[in-house]
Amino acid sequence: MKKKIGILLALVLVAFLVMGTASAGLFDFLGGNNSSNNSIANDENTFVVGFDAEFPPYGYKDDSGNYTGFDLDLAKEVCERNNWTFQAQPIDWDAKDAELESGSIDCIWNGFTIDGRENDYLWSNPYFDNKQIFVVKADSGISTIADLSGKNVETQKDSSALAALEGDNSTISETFGSLTQVADYNTAFMDLESGACDAVAMDIGVAEYDIKNKNNSDDFSILDEYITTEKYGIGFKKGNDALKDQVQKTLDEMFEDGTVAKIAKEYGISKDALIQP
């Protein structure tokens with residue numbers, strides 16, 4: 001009897017061990033393990049770029065689920081030339097300052113406007129001239145901003161183009177028949193194609209990228225005249241001069257050997273938008 005009890009207790013102990021192992025595995029699977037496998041080892045050989053994952057062509061997720069974009073490709077090339085490990089880190093844009101201050105990211109590199117933020121970050125030299133422009137149908141007969149008088153214009157809500165047309169450049173929008181805010185530029189382009197609006201006000205980089213990726217890209221034209229312009233740069237934490245200087249040095253070399261222009265072309269971005277050092 002004692003032998004049977006001993007065997008029974010051993011079986012019970014084994015059962016508990018199996019259940020414990022299984023439950024621990026299930027706990028990990030459900031995300032209950034506090035040791036995150038997604039944490040970033042941000043050491044001196046890793047360059048962590050904070051970016052908005054929904055801002056093509058600068059940073060976004062492609063059809064394969066990979067993060068890509070003009071700015072991310074520039075950053076990746078910088079890493080390759082310095083033997084750094086590249087890490088694209090999507091962030092909540094409203095929390096970008098906290099991410100930078102905590103050191104969880106090394107910089108903000110994602111169509112990041114210098115204008116108005118000059119004293120908030122340690123900046124690289126500006127590398128991109130982001131003009132606010134108008135896209136029209138190629139056969140619309142609209143070739144100047146003056147031709148938009150009485151026309152229906154759309155732009156994305158909370159965009160730089162909207163801020164310009166409602167701010168310092170409101171004298172332009174005052175001539176429009178209407179200025180309508182839409183949720184996104186896909187909607188604006190559909191309205192432009194259907195004739196629901198006559199022009200779309202937007203960033204030149206986004207416009208060139210969107211037009212390049214349309215099957216009927218020849219149907220659209222960008223006016224030569226622009227609303228206003230702003231400069232893009234790479235924002236670092238103040239005091240991180242050594243890293244900023246090395247990134248700037250490498251980026252200058254990439255401009256010099258034509259790499260920046262080559263990457264820009266892949267995203268439909270014209271060389272005219274680049275600011276050569």
Side-chain angles (χ1 to χ4, degrees), residues 34-62 65-130 156-160 163 203 205-206 229-255 260 263-264 267 269 273-275 277:
N34 289 329
S35 59
S36 173
N37 292 324
N38 295 321
S39 61
I40 300 170
N42 192 6
D43 54 36
E44 62 182 12
N45 293 317
T46 304
F47 186 51
V48 184
V49 175
F51 74 105
D52 178 356
E54 298 181 356
F55 192 31
Y58 307 102
Y60 61 99
K61 185 177 286 188
D62 64 18
N66 299 314
Y67 293 122
T68 188
F70 172 59
D71 283 344
L72 293 186
D73 281 1
L74 292 179
K76 189 182 300 183
E77 179 67 19
V78 166
C79 286
E80 289 181 2
R81 297 189 182 204
N82 287 282
N83 294 317
W84 296 338
T85 299
F86 170 69
Q87 175 69 49
Q89 180 60 34
I91 58 174
D92 178 348
W93 198 246
D94 291 335
K96 60 185 180 295
D97 292 346
E99 297 272 12
L100 192 62
E101 286 298 317
S102 70
S104 60
I105 60 175
D106 291 311
C107 70
I108 303 168
W109 194 343
N110 188 214
F112 198 29
T113 304
I114 297 174
D115 307 66
R117 299 188 177 109
E118 290 87 350
N119 299 318
D120 297 338
Y121 306 89
L122 176 64
W123 287 103
S124 70
N125 295 336
Y127 65 93
F128 193 87
D129 185 7
N130 187 47
Q156 183 172 292
K157 64 179 182 180
D158 299 325
S159 64
S160 295
D203 295 356
V206 178
T229 187
E230 59 188 9
K231 303 297 189 294
Y232 284 169
I234 311 163
F236 297 84
K237 181 179 179 179
K238 287 185 175 181
N240 205 355
D241 295 78
L243 178 60
K244 187 268 292 184
D245 290 345
Q246 184 59 37
V247 171
Q248 185 66 63
K249 177 178 178 293
T250 309
L251 189 60
D252 289 349
E253 293 170 355
M254 290 163 55
F255 264 106
V260 174
I263 294 174
Y267 290 93
I269 297 172
L274 304 176
I275 301 176

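The basis for the numbers below is simple: all heavy atoms, side chains too, and nothing from hydrogens, waters or symmetry mates.
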Engineer: Hey, is the main chain of G50 close enough, under 3.5 Å, to the side chain of N110 for a donor-acceptor pair?
Structural biologist: no
Engineer: With heavy-atom distances below 4.5 Å as the criterion, would you say the side chains of Y121 and I114 are in contact?
Structural biologist: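 SC-SC contact between Y121 and I114 ruled out.
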Engineer: Any Lys/Arg nitrogen of E80 or K76 sitting under 4.0 Å from an Asp/Glu carboxylate oxygen of the other?
Structural biologist: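 A salt bridge is absent here (no side-chain N lies under 4.0 Å from a carboxylate O).
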Engineer: Going by side-chain contact (heavy atoms from CB on, under 4.5 Å), name the residues that satisfy it together with D92, two or more places apart in sequence or in a different chain.
Structural biologist: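 Applying side-chain contact (heavy atoms from CB on, under 4.5 Å) to D92 gives D94, A95.
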Engineer: Determine whether a donor-acceptor pair (N or O, by modelled atom type, separation under 3.5 Å) exists between the side chain of D73 and the backbone of T68.
Structural biologist: no
Engineer: Is it the case that the side chain of E118 and the backbone of G116 share a donor-acceptor pair, with hydrogens and angles ignored and the cut-off at 3.5 Å?
Structural biologist: yes
Engineer: Is there a donor-acceptor pair under 3.5 Å between the side chain of K244 and the backbone N or O of I234?
Structural biologist: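 Not a single qualifying donor-acceptor pair exists.
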Engineer: If every non-hydrogen atom of Y267 is compared with every non-hydrogen atom of G69, which pair is closest and at what distance?
Structural biologist: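 Nearest heavy atoms, Y267 then G69: OH-N, 3.2 Å.
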Engineer: Between Q248 and N125 (side chain of the first, backbone of the second, donor and acceptor by atom type, cut-off under 3.5 Å), is there such a pair?
Structural biologist: yes
Engineer: Got a list of side-chain donor-acceptor pairs under 3.5 Å for residues 51-62, not counting sequence neighbours?
Structural biologist:
unit_1: D52; atom_1: OD1; unit_2: E54; atom_2: N; d: 3.0
unit_1: Y60; atom_1: OH; unit_2: Y209; atom_2: OH; d: 3.3
unit_1: D62; atom_1: OD1; unit_2: S64; atom_2: N; d: 2.9
unit_1: D62; atom_1: OD1; unit_2: G65; atom_2: N; d: 3.0
unit_1: D62; atom_1: OD1; unit_2: N66; atom_2: N; d: 2.8

Engineer: In a check of side chain to side chain contact (heavy atoms under 4.5 Å, CB included) between I263 and each of L74, L72, D71, L274, which one passes?
Structural biologist: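 Only match with I263 under side chain to side chain contact (heavy atoms under 4.5 Å, CB included): L74.
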Engineer: Nearest heavy-atom pair of F236 and D106: which atoms, and what distance?
Structural biologist: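 Smallest heavy-atom distance, with atoms named: CD2-O, 3.5 Å.
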Engineer: Does any N or O in the side chain of S104 come within less than 3.5 Å of the main-chain N or O of E99, such that one atom is a donor and the other an acceptor?
Structural biologist: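 Yes; judged by distance alone, with no hydrogens or angles, the pair exists.
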Engineer: Angle class for the Y232/F128 ring planes (parallel below 30°, perpendicular above 60°, tilted otherwise)?
Structural biologist: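 Taking F128 first and then Y232, their aromatic rings lie parallel (interplane angle under 30°).
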Engineer: Under a 3.5 Å threshold, yes or no: a donor from one side chain and an acceptor from the other, between N82 and T250?
Structural biologist: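 Short answer, yes.
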